[in-house]
Novice: 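Let me begin by handing over the structure; questions about it come next.
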Amino acid sequence: MALRNEKSILADLNPEQREAACYFDGPLLILAGAGSGKTRVLTHRVALLVQSRGVDPGRILAITFTNKAAEEMRGRIHRLVGPRAGAIWISTFHSACSRILRREAERLGYRRNFVIYDDDDQLRLVGRVIRDLDLDVKRYPPRMIRALIERAKNEMVDADAYRDRVVDDFTEVVHAVYQGYQRQLLRNNAMDFDDLLLNTIAVLELYPAVLEHYRRLFSHINVDEYQDTNPAQYRLVKLLSEEHRNLCVVGDDDQGIYSWRGADLRNILEFERDYPDARVVRLERNYRSTRTILEAANYVVSRISGRREKRLWTEREDGEPIRYYFAPGGEDEAAFVSLEINRLMKEEGYGHRDFAIFYRTNAQSRPFEEVLLRHAIPYKIVGGFKFYERKEVKDVLAYLKLLVNPEDSVSLRRVINEPKRGIGDTTLAHLEAFARSRGISLWEAVNTAGEVPNLGGSARARLEEFATLIDGLTEEVERLSPPELLRATLERSGYLDALRRQETFEAEGRLENLEELNRAVVEFHSTHPGEGLDAFLEKVSLVAEIDLYDEEEGAVTLMTLHNAKGLEFPVVFIVGMEDGVFPHLRCMDSPESMEEERRLFYVGMTRAKDRLYLTGAATRSQYGERKYNPESRFISDIPESCLFRLPSRLPGAPSLDVRAKAWEEEADPGSPALRAGDRVFHDVFGEGMVLSVSRGRGGMEVAVNFPGVGEKLLLLKYASLRKLDG
DNA sequence: CTAGTTTGCCTTTTT
DNA sequence: GGCAAACTAG
């Protein structure tokens with residue numbers, strides 16, 4: 001591939017984009033509307049810095065919102081400037097901080113092999129601390145306290161400073177838990193997500209030499225999705241860029257959808273107040289959507305107060321009107337979407353990958369999965385049941401974390417009796433009391449089990465056995481590669497055996513997930529040879545759901561509106577357009593959160609290139625009961641001239657296939673209607689023979705052998721199976 | 001100590 | 001309707 005010179009790089013850009021890409025000295029704000037080519041500007045800007053300005057690639061910092069965006073940007077810059085792209089710091093805030101902290105964390109009392117706690121670990125630890133303080137978890141719910149701690153951290157209020165926020169008994173408790181929580185983190189040599197930012201800031205603020213080092217290192221700083229930065233990120237950027245002021249931020253206040261995570265729109269709205277001499281460039285030309293979609297989107301967002309006035313325009317045609325279908329029920333809504341996908345594929349030549357279904361909450365995906373499965377339309381879900389949050393995956397990762405960092409008591413507690421090895425709550429309680437009284441870590445307590453009072457002989461023996469297991473594996477950490485370590489852990493811990501022995505479908509599924517984890521480790525090892533287990537764990541800790549998304553796959557994509565940011569699809573369905581669903585019930589009481597919902601709607605709409613569908617349902621089952629929701633208020637925000645309302649009773653629409661449902665009910669009590677040996681027909685796999693029928697977690701499960709396809713495990717609830725006679 | 005059952009909780013979005 | 005803590009029985 002030929003590298004590009006300055007002239008040819010500039011040729012890719014329109015005048016505004018060029019202005020933004022070429023402004024190198026001093027603060028720059030790029031207000032980039034949806035689909036205005038912001039990534040292009042950013043990549044070209046960085047390419048120019050390297051290519052024509054001769055800036056050392058290692059001194060450019062580019063912050064993206066997700067790892068996926070980072071990889072993509074690196075790829076695009078690589079195409080422009082070649083392998084030098086490899087040296088640029090392109091990453092999320094969290095990855096960049098983690099990289100810095102691997103070098104600097106020792107100054108804060110951490111060791112460099114610290115582990116990163118996800119929110120499940122976080123919750124466990126908060127709960128632990130609450131219980132350790134002899135508080136009632138009913139009166140002080142860990143989730144709530146964690147939320148308050150999180151918010152404080154977003155606003156850079158540390159555990160000590162929280163004292164100023166204490167106004168009553170409850171905040172008093174929060175303060176105490178916050179302090180205990182931070183102490184535990186330090187003792188466990190662990191950081192949560194927010195700590196990655198806060199500790200980086202702390203290191204920079206406490207050590208002038210360190211600050212100086214990174215200020216010199218990063219001569220040019222670029223931040224994407226600036227509207228979604230929180231006060232801590234703002235501070236960090238400011239610290240690093242204050243001196244040379246070569247700071248370029250890109251964003252769109254209309255797409256700010258993370259205020260619940262602490263993001264503060266003022267960062268982008270008041271950029272010029274921080275940098276009065278800032279250059280501001282607006283990108284308003286949209287290269288993605290039809291005029292109709294843009295007009296509607298402009299209108300939806302125009303009603304938001306205090307925004308920066310922008311008006312997207314395009315040279316594209318009007319295109320199709322936005323189609324709106326308010327179905328009688330949730331199943332009809334899903335059936336409509338599926339039928340429409342089929343129709344567009346047949347009549348308009350779209351492929352599976354051209355379609356996306358967006359919803360407000362992950363829980364809404366079910367009916368769509370069901371109907372797509374039944375119609376044999378391939379689909380994939382981004383998010384939802386998250387791979388790295390599944391029990392078995394987390395269990396095994398906890399083992400690995402423990403090998404890297406034995407101080408990690410959260411992981412230790414997780415695996416000490418998993419699989420069951422006779423170390424129960426009582427034993428654990430004794431260990432804990434001992435650890436606390438001696439001021440040693442839980443792991444040290446396990447290792448000195450002989451001295452722990454009140455322990456029975458068998459408990460001691462089991463603890464010793466466990467300690468030997470972990471010690472043995474720890475010794476291998478230096479010797480074995482990550483894939484080998486995973487294997488050894490799975491085998492020697494007995495985790496694999498325990499699952500194999502169960503011989504249930506559930507265990508089967510878990511084994512498959514572990515196989516998947518194994519693939520991930522193997523892949524990591526081949527792309528990062530020489531990197532150790534710690535590097536793998538770090539990568540895993542910082543993945544976002546969207547990072548796992550692969551657009552090349554030929555499948556319909558289902559995801560939340562939040563995950564949709566930054567993507568585009570020829571055909572988009574935004575489903576669940578009902579008051580209480582979208583906008584979400586929890587956002588109804590404050591005008592600010594309602595505005596955020598509206599921005600979220602805007603984000604969803606502007607993902608569509610050619611066709612946009614909005615659907616809702618008059619009634620659906622929510623939380624297990626029947627709910628009746630009115631049409632979403634956002635529908636009335638769309639100009640009627642852009643909207644085509646479909647009749648809610650579609651002529652010729654098939655009633656849903658209720659066969660599977662009926663079968664499940666029939667199969668439930670005692671005598672299954674479907675038995676081993678029955679011949680069945682499946683829409684996708686064809687004819688097959690039932691091997692077994694059993695009750696699993698998600699309902700009745702059927703194992704079927706399809707000749708030529710192999711054995712398939714199907715959830716009767718979702719499967720479209722017909723029983724064949726004879 | 002474990003396994004099985006009941007109760008009682010919570011249901012937004014995620015680096 | 002789903003999940004985890006809490007309780008109960010072996």
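A, B, ... follow the sequence lines: proteins, then strands. Residue 1 opens every chain.
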Novice: With distance as the sole criterion, do the side chain of A:His562 and the base of B:dT13 form a donor-acceptor contact below 3.5 Å?
Specialist: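 Such a pair is found, so the answer is yes.
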Novice: Listing time: all N or O pairs from protein to nucleotides 1-7 of chain B that are below 3.5 Å?
Specialist:
| from | atom 1 | to | atom 2 | distance (Å) |
| --- | --- | --- | --- | --- |
| B:dC1 | OP1 | A:Thr427 | OG1 | 2.6 |
| B:dC1 | OP2 | A:Thr426 | OG1 | 2.2 |
| B:dT2 | OP1 | A:Gly422 | N | 3.1 |

Novice: Does A:Phe218 have any ring-ring contact (aromatic ring centres under 6.0 Å, His included) partners at least two apart in sequence or in another chain, and if so, which?
Specialist: A:Trp89
Novice: Mind checking the C1' distance from C:dA4 to B:dT13? Whole angstroms is fine.
Specialist: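 Taking atom C1' in both C:dA4 and B:dT13, they lie 23 Å apart.
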Novice: Between CG of A:Asn405 and CG of A:Leu400, what distance do you get to the nearest 0.5 Å?
Specialist: 12.5 Å
Novice: Rounded to the nearest angstrom, tell me the gap between atom CZ in A:Phe582 and atom P in B:dT13.
Specialist: 13 Å
Novice: Return whichever of A:Glu597 or A:His94 has its heavy-atom-nearest nucleotide of DNA chain B closer to the 5' end.
Specialist: A:Glu597
Novice: Does A:Asn563 have a side-chain nitrogen or oxygen under 4.0 Å from the phosphate oxygens OP1 or OP2 of B:dT13?
Specialist: no
Novice: Take atom CZ of A:Arg414 and atom P of C:dA4, then tell me their distance rounded to the nearest Å.
Specialist: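 Rounded to the whole Å, the gap is 10 Å.
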Novice: Can you tell me how far P of B:dT11 sits from CZ of A:Arg366, to the nearest Å?
Specialist: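 It is 18 Å, rounded to the nearest whole Å.
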Novice: CE of A:Met588 versus P of B:dT12: gap in Å, rounded?
Specialist: 14 Å
Novice: Before we go on, tell me: are the rings of A:Phe536 and A:His528 under 6.0 Å apart, centre to centre?
Specialist: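 No - the distance between ring centres of A:Phe536 and A:His528 does not fall below the 6.0 Å cut-off.
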Novice: Rounded to the nearest Å, what distance is computed from the CE atom of residue A:Met144 to the P atom of nucleotide B:dC10?
Specialist: 8 Å
Novice: Measure CZ/A:Arg128 against P/C:dA5 and give the value in whole Å, please.
Specialist: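 Nearest whole value for this atom pair: 11 Å.
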Novice: Give me the ring orientation class for A:Phe601 and A:Phe634: parallel if the planes are under 30° apart, tilted from 30 to 60°, perpendicular past 60°.
Specialist: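 Parallel.
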Novice: Hey, does A:Phe93 reach any base, or is it just sugar-phosphate, or nothing, if we go heavy atoms under 4.0 Å?
Specialist: nothing
Novice: Do A:Phe368 and A:Phe573 have ring centroids that are under 6.0 Å from one another?
Specialist: no
Novice: Round to the nearest Å and state the distance from A:Tyr359 atom OH to B:dT13 atom C1'.
Specialist: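 After rounding, the gap between these two atoms is 12 Å.
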Novice: Using a 5.5 Å cut-off between ring centres and planes within 30 degrees, is A:Trp260 stacked on the base of B:dT12?
Specialist: no
Novice: Is A:Arg360 near enough to B:dT13 that one of its side-chain N or O atoms lies under 4.0 angstrom from OP1 or OP2?
Specialist: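 Indeed not, no polar side-chain atom of A:Arg360 lies that close.
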Novice: Can you sort out the partners of A:Tyr226 under side chain to side chain donor-acceptor pair (under 3.5 Å), two or more places apart, ordered by chain and number?
Specialist: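 A:Tyr226: no side chain to side chain donor-acceptor pair (under 3.5 Å) contacts found.
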Novice: Answer yes or no: does a side-chain N or O of A:Thr361 lie under 4.0 Å from OP1 or OP2 of B:dT11?
Specialist: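 For B:dT11, neither OP1 nor OP2 has a side-chain N or O of A:Thr361 closer than 4.0 Å.
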Novice: Give a yes/no answer on whether the side chain of A:Asn362 brings an N or O atom under 4.0 Å of OP1 or OP2 in B:dT13.
Specialist: yes
Novice: Over how many whole Å does the gap from A:His584 atom NE2 to B:dC10 atom P extend?
Specialist: 15 Å
Novice: Looking at CD of A:Glu595 and CG of A:Leu265, how far apart are the two atoms once the value is rounded to the nearest 0.5 Å?
Specialist: 9.5 Å
